[in-house]
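Please read the structure below before turning to the comments.
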Amino acid sequence: MGVSILFALLVLTLELFMSINASAAKPVKQVPAEALLSFRHYMKTCPQAEGIIQQKVVDWLEKDFTLAAAIIRLHFHDCVVRGCDASILLNHPGSERRAFASYTLRGFQVMDDIKAELERQCPKTVSCADILTAAARDATIMAGGPFWEVPFGRRDGKISIAREADEIVPQGHENITALIQLFNEKGLNMLDLVTLSGAHTIGRSTCFAFKQRLANFNGTRKPDPSLNSMYLNFFLKRNCRKDSDFVFLDAITPKTFDTQYYTNLHKKLGLLSTDQLLKSDVRTSPFVDALGSQPSLFESQFAASMVKLGNVQVLTRPNEGEIRVNCNFVNA
């Protein structure tokens, strides 16, 4: 065999070797965490899981309908801090649950009740993160909202820090740019922001959350000019004697999951600053108009946006998080 042929074979062998090594060195693109969620996750290990969650939610809401909005809010607070990992349920000094931003959160007893029953039926199987996500869906349905399929497989986080909740969770007085940025960081867009804000069609707020709008808005010693004067003088001032008093977020149909929330914004009846700003900001106003005028669009989009919210920064791999035995504490 001639030298030139040997040289050519050597070059081909070297190129093949380098090609194989280059392929091996190239990082393999990891599957997104949410792609590992599945509608069949508990099919074999705990097929009754969804039924148990649903029945418990129904039982609690039949006793107190205000828990519907509370559970949806609890789910949102969980997902915007460290993702949907049930870190909001951890109950220890310095946890998210102890943060100022979490002061009025409710629904913890509902989660404990559901978890206790699931531990009896399927020990160490169903995560607290999955329970909270499914409970938010079932609470929405009980309030008259839409159904959506919840994929399962979330694992529970082990870290919960109060400071993070106070820094991240919206408090009702942020500007729209800050809200858009927060949602973008979580993989959610402006449509999701306006749609998920529509959850304020039910639920309540403490007067503390919006008292700056009533008398000394931005240091002007006057009420917020974007607040309907009749609403201000004959409803809010009469019902807000103390900071701890509660007022319905939707003054017209507070117990019904509908598009009245968006109609209220047209009439300057948005309770929180962040509510009313959705209508006055040119970036979000078109979404307010569209969702408010098309109830079927609102329902379908709310379902879609809640699925996206429930997929934020989920822990799904075996080396991530755990399946808590008690939602209040990490496993021993």
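Since the model is a prediction, treat every value here as computed from it, not as a measurement.
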If hydrophobic clusters are built from ILVMFWY residues whose side chains come within less than 4.5 Å, do [X] and [Y] share one?
| X | Y | answer |
| --- | --- | --- |
| L272 | V247 | yes |
| L315 | F76 | no |
| V314 | M306 | no |
| F257 | V288 | yes |
| V110 | F108 | yes |

Minimum-distance pair of heavy atoms, taken over all atoms of [X] and [Y]:
| X | Y | result |
| --- | --- | --- |
| D78 | A86 | OD2-N, 2.9 Å |
| P151 | N311 | CG-OD1, 4.1 Å |
| D245 | C240 | OD2-C, 3.9 Å |
| C79 | V312 | O-CG1, 3.6 Å |
| P225 | F217 | CD-CD2, 4.0 Å |
| R120 | E117 | NH2-OE1, 2.7 Å |

Assess the residue pair K56 and D138 against the criterion (side chain to side chain contact (heavy atoms under 4.5 Å, CB included)); give the C-alpha distance rounded to whole Å, side-chain angles, the decisive distance to 0.1 Å, and a yes or no. CA-CA 10 Å; K56 287 292 186 181; D138 295 335; over 6 Å; no
Quick one: does any side-chain atom of [X] pair with a main-chain N or O of [Y] as donor and acceptor, under 3.5 Å?
| X | Y | answer |
| --- | --- | --- |
| S95 | H92 | yes |
| R317 | E320 | no |
| K279 | T263 | no |
| D258 | Q260 | yes |
| Q55 | I53 | no |
| E322 | G157 | no |
| E149 | F39 | no |
| R137 | W148 | yes |
| N233 | S229 | yes |
| T316 | A33 | yes |

Might you work through the side chain to side chain contact (heavy atoms under 4.5 Å, CB included) test for M190 and F183, ending with a clear yes or no? CA-CA 8 Å; M190 279 192 287; F183 271 60; over 6 Å; no
Tell me, do [X] and [Y] make a side-chain contact under 4.5 Å, heavy atoms counted?
| X | Y | answer |
| --- | --- | --- |
| L132 | C84 | no |
| S226 | R213 | yes |
| L214 | L227 | yes |
| D130 | Y42 | yes |
| L193 | L188 | no |
| Q109 | D113 | no |
| F210 | L236 | yes |
| I202 | L249 | no |

Would you compute the distance between atom [atom1] of [X] and atom [atom2] of [Y] and round it to the nearest 0.5 angstrom?
| X | Y | atom1 | atom2 | result |
| --- | --- | --- | --- | --- |
| I71 | I114 | CD1 | CD1 | 6.5 Å |
| L89 | N328 | CG | CG | 7.5 Å |
| L37 | E34 | CG | CD | 7.5 Å |
| T140 | F302 | OG1 | CZ | 4.5 Å |
| I131 | M111 | CD1 | CE | 8.0 Å |
| T253 | N264 | OG1 | CG | 7.0 Å |

Taking the six-membered ring for Trp, are Y262 and F287 closer than 6.0 Å centroid to centroid? no
Can a salt bridge be assigned to the pair D166 and R163 using a cut-off of 4.0 Å between side-chain N and carboxylate O? no
Charged N to carboxylate O below 4.0 Å: is that the case for D85 and K158? no
Can you establish whether the number of heavy atoms outside [X] located under 6.0 Å from its atom [atom1] is more than 12?
| X | atom1 | answer |
| --- | --- | --- |
| F100 | CZ | no |
| K222 | NZ | no |
| Y231 | OH | yes |

As a quick check of understanding, evaluate side chain to side chain contact (heavy atoms under 4.5 Å, CB included) for H173 and T274, giving each step before the final call. CA-CA 6 Å; H173 49 71; T274 46; 5.9 Å; no
Using the side chain to side chain contact (heavy atoms under 4.5 Å, CB included) rule, take M230 and K267 through it: C-alpha gap first, then chi angles, then the decisive distance, then the call. CA-CA 11 Å; M230 295 284 285; K267 300 175 181 178; over 6 Å; no
Check E164, Q313, E96 against R82 for a side chain to side chain donor-acceptor pair (under 3.5 Å) and give me the one that passes. E164
State which residue, out of R204, R106, K255, fulfils the salt bridge (charged side-chain N to carboxylate O under 4.0 Å, His left out) condition with D64. R106
